> 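Let me begin by handing over the structure; questions about it come next.
Values below: every heavy atom of this structure, side chains too, minus hydrogens, waters and symmetry copies. Treat the numbers as computed from the prediction; the structure is a model and nothing was measured. Residue numbers run from 1 in the order of the sequence given.
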Amino acid sequence: MANKPQKRKPGNNNKRGNNNNRSRQNNRGNQNYTPRNRVEYPKEITYSGPLTVGQLAELMKRNSSEIIKFLFMMGNMSTINTTLSDEDIELICMQFNVTPNKEVVIDEDDIEEQISNREFKDEDLKPRPPVVTIMGHVDHGKTTLLDTIRNTHVTSGEFGGITQHIGAYQVSLNGRKVTFLDTPGHEAFTAMRARGAQVTDIVVLIVAADDGVMPQTKESIDHARAAGVPIVVAVNKIDKPGANPERVMTELSNEGVMPEEWGGDTVFTQISARSGEGVNDLLEALLLVADMQELRANPDVLASGTVVEAKLDKGRGPVATLLVQQGTLKSGDALVVGTSYGRVRKMTNDRGMEMKKAEPSMPVEIIGLNEVPKAGDVFMVYDSYKKAAEIAQSREEKQIEKERNATSARSLEDMARMISEGDMQEVNVLIKADVQGSAEALKASIEKLDVDTVKCNVIRSTVGTITESDIMLASASNAIIYGFNIRPTAAIRKKAEEEGVEIRLHNIIYKALEELESAMKGLLAPVYEEVVTGQAEVRQTYKVSRIGTIAGCYVTDGVIKRDSHCRLIRDGIVVYTGKLGSLRRFENDVKEVTQGFECGMTIENFNDIKIGDIIEAFEDQEVKNDA
């Protein structure tokens, strides 16, 4: 008889299954529980950039919903595409028993980051000359001091006796080299002074004994402190009547610059930059401070450093003054400078001598770049020209994208600000200058002007003469063009008149600022106005021993008058300003020559006239004062 299958008792037919269910329920809250297809949860993860919730979940081999739930419990509403901060990533990893490791990946295009992260072995580092920046108030004797050290004269060639551009010079002291950066003294060049402090090892703070601590003196102290470099004080003009070095020491101690004699850590020296008294003591103090710093660099790596100044030269193309900070720059090297690139075709030192190589702390002027870099840009040498070109082009694309985004953001902020301030108005300004440093300084100074409800907005700041593109931009933006040490052609002036664009030309920055500030206050009421009467093109030159250089000219615009003031303009840049010496047609002296006629002329005390130069005649005319 066949066995009948036994009936299972109700309630027992799923005993094993019930146990399984109970086991699952017990393990539901256990994070280390895994089903039969075991998932190995990582104990640590490595990431380099920002992570979204989904990307972090993938790295941790978790469901995105688990992370979203945790963030929700923490009070953060998130989705799978939410970007997490480093703090959020750490919290999430802590919750799931994972160790996060963030890798710092340096972008190949980010040469600034690469330079700052360069590491060298102690045995590869060798002593280098110190880089010294001379700072202080305008007319306190910075350039005169540097002239005394170099036995040259710079001040006489500067407008108003004020240094207009940064210069870098290397001198030998007791068989050792020292590099000096000569920064301008007027407050308009605050940005340039700050840049000088960033590349310097020692700051010489020059203070006139008969004048004391002034606003720019305090700014210089701030820049030196921000750069973390030691200060050596030079109390100048001690041979002048009314000189009071003790007062200077007291005023500086009130600013936190305490002399060694009074228990501080700052070296004070007393000098006369004009006579040379005490200058040797100052130089010895500089070498002593440099020795205490143990300045070293590796001369055997690919060179890197900073742009001190840059300009466009018609004959040579883009010209840049570089300060080498690491490595050795060689003639023929391929390099990236900011967003420009090229090969060092020619390299000269501050005395104009051609160099084959430049070691750390040496300033050199180079040609061979594809465009003018900005002062303050860093440079780096690469193994190949192709590599340098690729990186420079990539950097330029990123810069354009960054500026585009910044412009968009700034416009939105400006609209919000103008709405909140009610009657807020902006004056648009377009800047053209002879060199990058001046353009940068003028831009920084103008943007700081703030008079009542009127603010200045610099829409463009570039190097070179005024072009038709500038006129069209100014016309579209209702902007005033400020030219610094440049002159527009007659055609550009005419175009500006047609478009209703005002051009203001200056060769001293603080006068441009005073004029603009007065206009913003509604106080602008000039008594005299400069009027350009005519322009002539030099087509031939003749050198006569008793007279000098005679320029054979063709009057291209207006009228040239015999007693006029004049400017010699070369490639849109003012080379000389003076008076006409003589004006002739054929053998006769004449009072004036009009457009379309030829003439011969000389310029008083100036003979460096070349074919293609423009001579611009102008005079001051009194205008009605309506104020």
> Rounded to the nearest 0.5 Å, how far does CD1 of Ile431 lie from NZ of Lys443?
7.5 Å

> Taking atom types as modelled, find out whether Glu371 and Ser340 have a side-chain donor-acceptor pair closer than 3.5 angstrom.
no

> Suppose the criterion is salt bridge (charged side-chain N to carboxylate O under 4.0 Å, His left out): which pairs have a residue in residues 66-86, not counting sequence neighbours?
Arg62-Glu66, Asp86-Lys102

> Is it true that, when you exclude Asn101 itself, more than 12 heavy atoms of the residues, nucleotides or ligands shown sit nearer than 6.0 Å to its CG?
yes

> Going through the checks in order, is the side-chain contact (heavy atoms from CB on, under 4.5 Å) test met by Leu369 and Leu335?
CA-CA 9 Å; Leu369 299 175; Leu335 73 168; 4.1 Å; yes

> Counting neighbours of CD on Glu58 that are heavy atoms of other residues, nucleotides or ligands and sit closer than 6.0 Å, is the number greater than 12?
no

> Please examine the side chains of Ile92 and Ile89, heavy atoms only from C-beta on, and report whether any two atoms are closer than 4.5 Å.
no

> Would you say Met60 and Phe96 make side-chain contact, with heavy atoms under 4.5 Å?
yes

> Check whether any side-chain heavy atom of Asp201 lies under 4.5 Å from a side-chain heavy atom of Arg128, and answer yes or no.
yes

> Can a side-chain donor-acceptor contact be found between Thr462 and Lys432 if the only test is distance below 3.5 angstrom?
yes

> Please evaluate residues Asp470 and Arg460 with respect to the criterion salt bridge (Lys or Arg N to Asp or Glu O under 4.0 Å), reporting the C-alpha separation (whole Å), side-chain torsions for both, the decisive distance (0.1 Å), and the verdict.
CA-CA 9 Å; Asp470 297 322; Arg460 178 184 285 175; 2.7 Å; yes

> How many angstroms lie between OG1 in Thr467 and CD1 in Ile481, if you round to the nearest 0.5 Å?
8.0 Å

> Which value, rounded to the nearest 0.5 Å, describes the distance between Thr339 atom OG1 and Glu397 atom CD?
11.5 Å

> Say you draw a straight line from CG of Leu252 to OG1 of Thr266; how long is it, rounded to the nearest 0.5 Å?
8.5 Å

> Over all heavy atoms of both residues, which pair between Thr200 and Val229 is shortest? Give the atoms and the distance, please.
O-CG1, 3.3 Å

> State, yes or no, whether a side-chain contact exists between Leu84 and Thr52 at a heavy-atom distance under 4.5 Å.
no

> Run the numbers on Asp377 and Arg395 for salt bridge (Lys or Arg N to Asp or Glu O under 4.0 Å), then give the verdict.
CA-CA 12 Å; Asp377 279 347; Arg395 283 171 62 85; over 6 Å; no

> Step through the shown structure and confirm whether more than 12 heavy atoms of other residues, nucleotides or ligands are within 6.0 Å of CZ on Phe120.
yes

> So Leu205 and Ile221, do their side chains get closer than 4.5 Å, heavy atoms only?
yes

> Kindly check if the number of other-residue, nucleotide or ligand heavy atoms within 6.0 Å of CD (Glu123) is above 12?
yes

> Roughly how far, to the nearest 0.5 Å, is OG of Ser304 from CG of Leu323?
10.5 Å

> With a 6.0 Å cut-off on the ring centroids, do Tyr382 and Tyr341 count as close?
no

